[in-house]
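Structure, as structure tokens:
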Amino acid sequence: MKKIILFLVFAILSFPSLIQAQEAKEIDYSADRNIQDQKYPGAFVLSKVENQVYFKHEGIKVWCDLAIHYKEENFFRAFGNVRMQQGDTVKLNSNYAEYNGNSQFAFASGDVVMKRPQTTLESDSLFFDRLKQQAYYRSGGKVIDTGGVITSNIGRYYMEQDKYSFVSDVVLTNPEYIINSEQLDFYGETGHAYLYGPSTIESETSTVYCERGFYDTRGDTGYFVKNSRIDYNNRTVKGDSLYFNRNTNFASATNNIRVIDTINKSVVTGHYAEVFRDKDSVFITKRAVAASVQDKDSLFIHGDTIMITGKPDKRIIRGFYDVRLFKSDMSGKSDSVHINQETGLTKMINITKGPISSVDKRRSPVLWSGLSQMTGDTIHLQSNTKTEQLDSMRVFNNAFLIQKDTIEGYNQVKGMDLVGLFEDNELYQVDINKNTETLYYSRNSEQELIGINKTLSSSIKILFEEQEIQEIYYYQNVDGNLTPEEDFPVNVRQLLGFNWRGDERLLTKEDLFKGKPEPDLVKIQGISLPEESEEFFDEREEGDDLLLNDKSRLKPEDLQNRAKDSIPQLKEPPNLLDAVDDDTKTEAEDLQERVKDSIPQLKKPQPLIKAEEQKDDRVEPETKENKDE
């Protein structure tokens, strides 16, 4: 029982000291001159003679030329060449400052410069909440980093994260590029920048646009999502996500890609692409399709992989692996394709060669024009570069033309080489040379079958009308005759190498992907929206202590959150103080006069110089506290 009573007595006696320990620590200070002035009741006017006025409180140190210190209220106002220092990492210079030791809240104005190991912040005014370890400006500011200079109307700095959050007219300027954004979060240690809202990165050679993105300002690489695109001088790249490396002028895009060639009026789509600007080349795969306009009609080319190389006037398009072509009046397939947009020449190439027999058939390039199917080892299509219309075609080696008869059977022509001529993009004449052979269903004017004509000759000319064979002319060494259908054996109605592939013919643009599975798309790693931070100025209820003090230059409403401060359309920064620099200077000069008048030895006021003009040779004065240390 005695022990309990003793404990209660000890607790009661200790309670006042516990309360006192929880109260704010008093600001420590020293000054060469210390006077009281009736203009500032309850305050000491501190002045520099040889050494600056010095304050120390809870890990922060402040130097200045003049100060008004309200000791009982634990608050001071500092004038002239003010310097604040917190630890070894935060240094702040200004022409004027205020500090409340109870709330550990500070305000600085006039040529404010805050330095961190990697960055320097400049503004005309700055709020500093030491409990939150955050600094904030809303009257325009600038941050200087090795990766560039960032300006904005509003800025907030989180010291523990070494993070800046810029809002409203944000501009990052680098010798190589300029970033404009609605909001930009910047990390000083890494130089990483996160872009939110409509943002652009402009340089002499490209412009990047995104509505959410990441950029490494020191490594010069970026990652962009949400309506992202890269605009080059003659090409635009769009995709669900984009990667960009300025050092190598390389970009890649993933999912729902569109590469637009503005000069050659072509578009390439797919789900993965790589762009090499220096080589003026594009590599695209995963459902890749190249579309170009020819005579007001679009030619679509699909392949497993499509490559586009060369300058705009010498552009080359290559397609690889199961290439398919579609145009409203023509379609085709081949192993690969090579298109020279300068010469207008398209090559359909057969990569895999094999034997020709009635059983084992070669998968040669195939072209359908109207009702005709043409195959061969290689097919060349020649377009007129001015009119962009098909001019001619050539089939090299093992040329084979098949046209399905209107009623039954197949008209067939084969030879070594084939030359076709077009008019208005329609085939009107075909010449086949060397060891030609035909099998033709001959009909009268009433379309009645009169026999099957099988003929050998050195060369053949075929004339078409409305995409159907109308006449055939045989030249040299003609050997053949017309045989009635009933006398012509069914098993010899196909020439050697016959391979009708009409079921493969592309009838619509969608047939480019016929029989192919949907590609597995990569899941895009998005960029999260910024975390919502609490308001910088805590909501204060009636009766709460002020963040600064009623002796502050600021009014209570200046220390409240304002909705308009976060509006991107805010063009003019809010005026926190009415002519704060002029008023501060006037008050400081008045203080100096008062100090001079009260001290006979002080013949003239000490000059007030700007923070950046002062050499950083000031030392911490000896105080009782650091003497004890």
Side-chain angles (χ1 to χ4, degrees), residues 22-27 55-62 73-78 82-94 97-109 112-141 143 150 152-168 183-189 194 196 529-541 543-549 552-563 565-566 574 576:
Q22 292 175 358
E23 293 179 353
K25 186 176 179 181
E26 202 173 85
I27 297 173
F55 294 97
K56 183 176 182 180
H57 182 259
E58 297 283 356
I60 191 172
K61 303 170 185 177
V62 181
E73 300 181 48
N74 218 21
F75 172 76
F76 68 81
R77 296 166 57 197
V82 181
R83 181 173 68 122
M84 293 186 184
Q85 182 169 328
Q86 178 178 275
D88 297 327
T89 58
V90 180
K91 296 180 180 179
L92 186 148
N93 294 70
S94 64
E98 302 180 5
Y99 180 74
N100 188 338
N102 296 330
S103 62
Q104 295 192 43
F105 193 88
F107 170 75
S109 68
V112 180
V113 178
M114 186 181 78
K115 292 187 177 182
R116 293 278 285 167
Q118 300 284 350
T119 56
T120 299
L121 184 155
E122 297 179 1
S123 179
D124 63 353
S125 62
L126 187 73
F127 301 95
F128 182 18
D129 190 327
R130 295 191 59 224
L131 295 179
K132 292 181 178 179
Q133 285 296 288
Q134 294 179 20
Y136 175 72
Y137 65 81
R138 63 188 184 200
S139 55
V143 170
I150 308 172
S152 68
N153 286 338
I154 302 167
R156 189 168 177 179
Y157 180 60
Y158 302 81
M159 294 185 180
E160 292 178 354
Q161 299 172 265
D162 197 11
K163 169 190 170 182
Y164 293 89
S165 184
F166 302 100
V167 179
S168 176
Q183 178 176 340
L184 186 151
D185 286 356
F186 181 81
Y187 290 83
E189 184 177 352
Y194 290 85
Y196 303 100
L529 286 170
E531 296 180 2
E532 283 194 30
S533 300
E534 60 182 6
E535 299 285 0
F536 180 79
F537 299 109
D538 293 330
E539 293 293 335
R540 311 192 74 74
E541 299 179 1
D544 287 348
D545 291 335
L546 298 175
L547 281 175
L548 285 173
N549 191 275
S552 168
R553 275 183 169 275
L554 300 180
K555 300 175 182 177
E557 55 265 30
D558 292 325
L559 302 179
Q560 294 178 357
N561 301 300
R562 300 174 180 171
D565 292 338
S566 299
L576 300 181

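Treat the numbers as computed from the prediction; the structure is a model and nothing was measured.
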Does the side chain of [X] reach to within under 4.5 Å of the side chain of [Y], using non-hydrogen atoms?
X      : Y      : value
Arg138 : Val167 : no
Val62  : Tyr99  : no
Leu559 : Leu554 : yes
Met84  : Arg130 : no

Is there a donor-acceptor pair closer than 3.5 Å between any side-chain N or O of [X] and the backbone N or O of [Y]?
X      : Y      : result
Ser94  : Val112 : no
Asn74  : Ile27  : yes
Glu534 : Phe536 : no
Glu98  : Arg553 : yes
Ser109 : Asp124 : no
Lys25  : Glu58  : no

message: Just by distance, no angles: are the side chains of Tyr157 and Thr119 close enough, under 3.5 Å, to form a donor-acceptor pair?
response: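 No - no donor-acceptor pair under 3.5 Å links their side chains.
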
- prompt: Between Phe76 and Phe55, does the ring centre distance come in under 6.0 Å?
  reply: yes

If you take all heavy atoms of [X] and [Y], which pair is closest and at what distance?
X      : Y      : answer
Gln183 : Pro530 : NE2-CG, 3.7 Å
Val143 : Tyr164 : CG2-CE2, 3.7 Å
Leu547 : Asn100 : O-ND2, 3.1 Å
Met159 : Ala135 : CE-CB, 4.5 Å

Can you tell me how far the [atom1] atom of [X] sits from the [atom2] atom of [Y], to the nearest 0.5 Å?
X      : Y      : atom1 : atom2 : value
Phe128 : Phe107 : CZ    : CZ    : 14.5 Å
Lys555 : Leu546 : NZ    : CG    : 14.5 Å
Asp558 : Phe127 : CG    : CZ    : 6.5 Å
Gln85  : Lys61  : CD    : NZ    : 6.0 Å
Leu131 : Gln134 : CG    : CD    : 10.5 Å
Glu26  : Lys56  : CD    : NZ    : 14.5 Å

message: Please determine whether side-chain contact (heavy atoms from CB on, under 4.5 Å) holds for the pair Val90 and Arg116, giving the CA-CA distance in whole Å, both sets of side-chain angles, and the decisive distance to 0.1 Å.
response: CA-CA 5 Å; Val90 180; Arg116 293 278 285 167; 3.1 Å; yes

message: Over 60° means perpendicular and under 30° means parallel, so tell me whether Phe537 and Tyr136 are parallel, tilted or perpendicular.
response: perpendicular

query: Where does the angle between the aromatic ring planes of Phe166 and Tyr137 fall among parallel (under 30°), tilted (30 to 60°) and perpendicular (over 60°)?
result: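 Aromatic pair Phe166/Tyr137 classed tilted.
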
message: Filter on salt bridge (Lys or Arg N to Asp or Glu O under 4.0 Å), then keep only pairs touching residues 158-168, sequence neighbours left out; what's left?
response: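 Listed once each, the pairs are Lys163-Asp185.
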
- request: Please check if atom CD in Gln161 has more than 12 non-hydrogen atoms from other residues, nucleotides or ligands closer than 6.0 Å.
  value: yes

- prompt: Residues two or more places apart in sequence or in another chain: which of them pass side-chain hydrogen bond (donor to acceptor under 3.5 Å, both in side chains) with Asp129?
  reply: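 Testing Asp129 for side-chain hydrogen bond (donor to acceptor under 3.5 Å, both in side chains), a comparison that skips the adjacent residues, returns none.
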
